[in-house]
Amino acid sequence: MANSIHLLPDHIANQIAAGEVIQRPASAVKELLENAVDAGATEIKLIINDAGKALIQVIDNGKGMNPIDAQNAFARHATSKISSIEDLFQIRTMGFRGEALASIAAVAQVSLKTRQAEDEIGTSVVIENSQVSETSPVACPVGTNISMKNLFFNVPARRNFLKSNSAELKHIIEEFTRVALAFPEIYFSLTNNGQDVFHWESGSFKQRAIHVLGNSYQAKLVAVGEKTDYLTISGFVGKPETAKKTRSDQYFFVNRRFIKSAYLHHAIANAFDGLIPKESFPSYILYIDVDPSKVDINVHPTKQEIKFEDDKIIYAFVQAAVKHALAQFSIAPSLDFSLDANIQQLDAIQKPFSEQQRNNTASSSLYTGFTQKNQAHFIPRVSEAERSEWKSFFSDIPSTDNQNGLTENNNENFIVKSSSMGLYKESEGLTINEDATLLQINNTYILAPAQAGYILVHQQLAHERVLYEKYQKASVQPHATQKSLFPVVLELSVADAILLEEIIEDLAIIGYEIEPFGQNSFIIQGIPADVISGNEKNAIELLLEQFKHFSGDIKFSKREKLIRCMARQSAIKAGQSLNQKEMHGLIESLLACDTPIVTATGAPTYIDFKEAYLDGLFTK
Ligand code: ADP
Ligand code: MG
């Protein structure tokens with residue numbers, strides 16, 4: 001009997017393996033651009049014809065190859081980037097598997113010209129069907145000029161599988177853009193069929209982002225930047241108005257490598273929650289840098305996936321960093337996002353902070369020194385043992401379901417619920433020990449020792465934030481109502497009656513049950529569970545007053561105005577004395593807020609004084 005198993009000839013084995021790495025012109029573009037980056041080039045030119053089907057050429061001014069390396073580069077598993085298994089865990093270069101050039105040589109006609117600075121003459125190599133068919137000395141500039149022609153000329157099935165030129169060009173531009181965004185210090189150009197498509201001068205990350213997104217983004221990017229011992233995040237998110245119906249303009253890089261991560265995308269989307277319409281996608285270009293040994297990049301290079309050693313920390317960090325950036329620009333707390341795009345363009349919305357406010361905030365310790373440890377979101381380097389605690393810490397962040405320790409407590413006007421960990425759970429990495437003795441100053445400020453320093457809370461503003469978020473969330477899940485035992489009748493002026501009619505439904509959502517009761521009269525059947533009963537009549541009248549005051553303000557929806565008024569009106573006031581339990585309850589609720597640091601109108605709710613800052617005050 002004849003043997004039925006036989007070894008595939010090399011060139012067929014190579015073509016099969018190549019299919020994994022080179023699926024379309026864009027995959028070859030990615031590999032060649034990354035090789036040029038790895039070679040330390042400061043200028044990289046990409047030239048294509050027919051969307052890469054006829055020609056893909058990359059010219060770089062990197063370190064080049066000597067004659068021997070130039071030939072060896074095309075052998076499978078030829079790489080200069082790893083020589084031991086340990087290297088695998090410290091990879092900072094783009095490629096390392098030594099597969100790309102071999103794969104390309106298996107499916108295209110390749111020619112290479114390359115020279116190192118120390119050599120006077122360069123090398124030219126021509127490859128046909130994975131075999132070096134010609135090598136010769138050649139005069140050429142320092143760097144590498146590699147071109148591949150007629151992709152898949154020898155694999156017709158694959159060639160036929162390619163899409164239209166415009167579709168393939170789109171993929172190429174995508175890969176080109178990703179590499180260019182990761183390395184703004186490098187000049188990149190792209191030429192298609194002799195036409196200049198892009199040429200991007202080297203520059204800052206911001207400049208490159210503008211190259212890619214277009215000039216109109218100059219004023220629409222919010223910088224994100226936080227640094228810890230564990231990782232660094234930088235880059236930009238688009239202001240909410242730049243959110244799109246499709247997932248374009250979303251870039252995430254880890255150690256300058258473009259990655260796709262549904263998980264991290266979720267973290268960013270979460271930070272934008274409530275700021276952009278559902279079903280729309282924020283734009284972002286974010287860079288995370290982390291010790292390479294903390295991420296597993298030993299996944300297939302074309303899959304662009306990544307595994308973090310501790311992805312919960314990364315998630316929380318990314319989310320906090322983006323939220324912080326948005327809050328800093330006063331976007332998160334003060335915009336009403338049910339507004340249409342035209343209104344969002346208004347100056348008042350674009351620049352919700354006055355210069356004075358901005359300066360005040362900028363000089364508060366909350367915002368100074370990102371790179372120091374007194375930053376708002378500093379995540380300390382944690383030991384292995386502590387890390388598991390951090391994990392549960394982050395996974396315990398309350399969701400939007402009103403579990404934030406807010407339960408009814410009429411006597412104290414706001415709510416106390418003790419936490420199970422002995423620490424408040426919140427979103428900003430800030431913790432107040434449950435047993436700590438708090439100090440109320442002037443019946444207005446609360447001084448609370450935090451893990452590294454203390455925070456100074458403004459009781460009224462803090463409570464305003466707590467109530468604001470509570471009422472905001474009520475529109476998802478209507479707020480609890482307490483039925484009045486003795487319904488109160490409210491008689492209003494014609495104007496006020498019309499106004500009340502207008503907001504009666506919104507009031508219902510936050511817990512006010514009010515019904516028309518004949519000529520300009522209303523009957524109050526129920527009030528929010530946490531409002532003290534007895535003065536509901538006053539409360540509604542006051543609410544109407546405040547509402548009128550805001551009513552000229554077209555920036556905000558009715559609902560938003562109402563929520564703001566309610567929050568302001570019901571907040572405990574400065575000057576009211578609070579006991580320990582009340583103070584703890586307030587701070588716990590505050591720290592559980594999505595945006596604890598400012599009120600809806602942008603006033604700080606607390607100031608964070610870090611140990612490092614305090615130390616600084618006492619050094620000569
Ligand atoms: P990898 O990038 O995974 O090492 P490749 O097949 O892409 O594998 O490249 C093989 C080797 O060829 C690289 O390790 C590098 O030494 C060399 N090389 C490839 N492209 C270039 C270039 N543009 N400039 C200098 N050397 C290069
Ligand atoms: Mg490579």
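Start at 1 and go down the list; that is how both ligands and their atoms are numbered. Hydrogens, waters and symmetry mates are skipped; everything else that's a heavy atom, side chains included, is used.
Residue contact check for ligand 1: Met65 places a non-hydrogen atom closer than 4.0 Å to it.
Remark: aromatic rings of Tyr287 and Phe205 are close, center separation under 6.0 Å. When ring centroids are compared, Tyr315 and Tyr263 come within the 6.0 Å threshold.
Of the candidates Phe183, Trp200, Phe198, Phe176, Phe176 is the only one forming a ring-ring contact (aromatic ring centres under 6.0 Å, His included) with Phe188.
Considering only residues two or more places apart in sequence or on other chains, Asn61 meets the side-chain contact (heavy atoms from CB on, under 4.5 Å) condition with Ala41, Thr42, Glu43.
Within the listing of ligand 1, atoms 22 (C), 23 (N), 24 (N), 25 (C) sit less than 4.0 angstrom from a heavy atom of Thr144. Those atoms of ligand 1 that come under 4.0 Å of a heavy atom in Ala100, given as number and element, are 6 (O), 7 (O). Every atom of ligand 1 with a heavy atom of Ala73 under 4.0 Å away is listed here by number and element: 10 (C), 12 (O).
Below 3.5 Å of separation, one finds no N or O of Ala39 facing any N or O of ligand 1. Taking distance alone, with nitrogen or oxygen atoms compared against 3.5 Å, Asp38 stays at or beyond that limit from ligand 1. Between Glu31 and ligand 1, no N or O atom pair is found at a separation short of 3.5 Å.
Contacts with ligand 1 closer than 4.0 Å are made by no heavy atom of Thr114, backbone or side chain.
A salt bridge is absent between Glu174 and Arg24: the closest approach of a Lys/Arg side-chain nitrogen to an acidic carboxylate oxygen does not fall below 4.0 angstrom. Ionic pairing of Glu168 and Lys53 is not present here: no N-O contact between side-chain nitrogen and carboxylate oxygen is shorter than 4.0 angstrom.
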